[in-house]
Amino acid sequence: MVAASKTIFFTLLLHIFFLIPSHQYHPLDSLTPSEFTQIQSIVTKAYPKSTYNLTFQYVGLKEPTKQTVLSWLRNETTTNPPRQAFVVARIDHQTHEIIVDLSLQGITSKKTYNGYGYPLLTGEEQEDANKLASTYPLFVASISKRGLKLEEVVCGSFTVGWFGEERKNKRIVKMMCYYLDGTLNADMRPIEGITMTVDLDEMKIIQFRDRIIVPVPKSDGTEYRESKLKPPFRPSLKRTTVVQPDGPSFNIVGSQIRWADWEFHLSFDARAGMIISVASIYDPEKQQSRQVLYKGHVSELFVPYMDLTEEWYYRSFFDVGEYGYGLSSLPLEPLRDCPPNAVFMDAYFAKNDGMPLKMPNVFCIFERYAGDVMWRHTEATDPEKLIREVRPEVSLVVRTVSTVGNYDYINDWEFKQSGSIKVTVGLTGMLEVRGTNYTHKDQIEEDVYGTLIAENTIGVRHDHFLTYRLDLDVDGDANSFVKSKLRTVRVNDHGSPRKSYWTVDRETARTESAARIKLGSEPVDLLFVNPNKKTKMGNLIGYRLVPYGVVGPLLSDDDYPQIRAAFTNYNAWVTAYNISEKWAGGLYADQSRGDDTLSVWSKRNRSIENKDIVLWYTLGFHHVPCQEDFPVMPTFNGGFELRPSNFFESNPVLKVVPPS
């Protein structure tokens, strides 16, 4: 969700100066500043602002086909694929989809979208909406009635979801406000009871309601800035640092990163944020690079709150499709967000007017050594000849942080020398809290939908579901999905003193309906295999999905937020590859109705055996707030791993030479 802090951060970004960097071409590269400028010029020429009301809601790369990219990477073509952009614009209050060909310097396709749902909100229109309250007479009177200072009030815009309305609503947001006066932690001081509805196209308040007066939580204890905190402090630790006297072991050329045996492409998208593409690993035994992952990124982030009150029931956010996971990225702070040995990279996106804006230091890349062990063994069969072999774990991390309103999501893709890719997300930032009359738990008799974490402050229960789109190409794009169930077998004969053991029942999913997996009810092993390639031992080569904890939705299937977010009904889905199926919650997530989601695509029940297929994995958190989450939350983490399974002939890190 997005609160007032999001607008403040966006305003700061608007004033950051940028320089155009030198660029090494790759067909999956993010759009460059000069390309954004060309796109803006081409579109505004077709729809001049003197005639049309034009805003750019999304501008991103229209990527070439997979075969085109792979042919280019294999040097099978001498020409670069054409650079094209996909633009979603609001033109005279209608949504338009436009394809711009930069080589032709023109528009090659345009159409009006008339279906359900609306495109991404931009930072500028949220900022404009949030300013409306301060001059709205009814709101000014309500603030005065509460004895608050108008100049200390800030507001945030919230998407409204869909709750069964048959008619298509206007493009609206609801606005809630917060009180500063002694703190910058506005999230901890909500002004409850006042709701305003804003028409974004007309940019005016069309509905106002002041339902109830609730005490604004105190500012005491809400400070979190290091320079403002007062003693007593926790004991200080002695300095630790990371030193690489010979420099980093990775190499960055343009957006292509090489480290150890890994090579992959890094790009940025206003909606997805970080995108990892064409990841391959060099196999010394085969003396060739082998494909692992064609493309991976966060596809959607569903955050439903469990509060049924009038000001809260609609808060069921699609943070990727409504606010933009990339648009919510902010500069990383050296030495705090990333260690001293990190290298930083910038990114760009299109503003409301289509012109480029730089986000400096949006990525950091660094080698991690935290004292972990990659492998070890002590051989003590001969006490006089003790043998001990240990290899330290050194990995490569690519990090970005998306601050979607009150929450900060720390996104890491970690590449290991063993061939594993570990994907983690850390959740921190501020809780979304509701003001209340209660000052002690003993006063509470009804369900308040959360935890009393401070006086007059309820931390509302909620979920986070991050759905990742993982286009695995395990040693090629023809793959299959194998479900392996671990089953207990009773021993009925007398050939062994054992009473039981477990075995593995393997099943290759033939269609999409057979590849929807709810984890947690029974032990399973999930494999992506290449059915056309085997190891010398005869095993199918593959990669295994290893979840770190399993969480599923608790909302009923007929609840409107869950209808929209039916893509979270299963932890894992496998679908046939389709270049247009990128966003699990649909292309137009704002006020969507669940008619263009992963759940719907999967119902086509396409063949997925020995095909180009895509894995969708949903990582979930149920958050029951506690007092330790106030005023800022310690980070808690979740993730998963893509781990080789018979991909190599033996341990690929047996001969790794540790750093001296």
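Residue indices begin at 1 and follow the sequence shown.
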* Could you walk me through whether Thr122 and Asn352 pass the side chain to side chain donor-acceptor pair (under 3.5 Å) check? -> CA-CA 6 Å; Thr122 67; Asn352 206 46; 2.9 Å; yes
* Asked: Hey, is Lys358 close enough to Asp346 for a salt bridge, meaning N to O under 4.0 Å?
  -> yes
* Asked: Would a line drawn from the ring center of Phe640 to the ring center of Tyr617 be shorter than 6.0 Å?
  -> yes
* Any ion pair linking Asp201 and Arg90 (charged N to carboxylate O, less than 4.0 Å)? -> yes
* Are the aromatic ring centres of Phe56 and His96 under 6.0 angstrom apart? -> no
* Residues in side chain to side chain contact (heavy atoms under 4.5 Å, CB included) with Arg510, at least two apart? -> Glu609
* Asked: Under the 3.5 angstrom rule, does the side chain of Asn571 hit a backbone N or O of Val551 as a donor-acceptor pair?
  -> yes
* Asked: Between atom CG of Asp463 and atom CG of Leu554, what is the distance when rounded to the nearest 0.5 Å?
  -> 6.5 Å
* Asked: Taking the six-membered ring for Trp, is the centroid-to-centroid distance between Phe302 and Phe317 below 6.0 Å?
  -> no
* Asked: Looking at Phe158, is Arg315 sitting on its ring face, NZ or CZ under 6.0 Å from the six-membered ring centre and within 45 degrees of the normal?
  -> yes
* **Pair Glu641 + Lys422, salt bridge at N-O below 4.0 Å** => no
* Is the His464-Tyr409 ring centre distance short of 6.0 angstrom? -> yes
* Asked: Between Arg271 and Glu322, does at least one N-O distance fall below 4.0 Å, as a salt bridge requires?
  -> no
* **Other residues, nucleotides, ligands: >12 heavy atoms within 6.0 Å of Lys204 NZ** => no
* How about His297 and Trp583: are their ring centres within less than 6.0 Å of each other? -> yes
* Mark yes or no for whether Thr68, through its side chain, and Pro64, through its backbone, hold a donor-acceptor pair below 3.5 Å. => no
* Ring centres under 6.0 angstrom apart (Tyr116, Tyr588) -> no
* Considering only NZ, NE, NH1 and NH2 on the basic side and carboxylate oxygens on the acidic side, decide whether Glu97 and Lys62 come within less than 4.0 Å. => no
* Is any NZ, NE, NH1 or NH2 atom of the basic residue among Asp612 and Lys66 found under 4.0 Å from an Asp or Glu carboxylate oxygen of the other? -> yes
* Lys NZ or Arg CZ of Lys168 over Tyr118 ring: under 6.0 Å, within 45° -> yes
* Asked: What about Tyr313 and Phe163, are their ring centers closer than 6.0 Å?
  -> yes
* Pair Asp101-Gln84, side chain to side chain donor-acceptor pair (under 3.5 Å): steps then yes or no -> CA-CA 4 Å; Asp101 191 307; Gln84 294 184 322; 3.1 Å; yes
* Go through Asp477 and Gln291 one step at a time and tell me if the side chain to side chain donor-acceptor pair (under 3.5 Å) criterion holds. => CA-CA 9 Å; Asp477 58 9; Gln291 293 173 260; over 6 Å; no
* To do: State which residue, out of Arg604, Lys295, Arg469, fulfils the salt bridge (Lys or Arg N to Asp or Glu O under 4.0 Å) condition with Glu581.
  => Arg604
* Sub-6.0 Å ring centroid separation between Trp616 and Tyr468 -> no
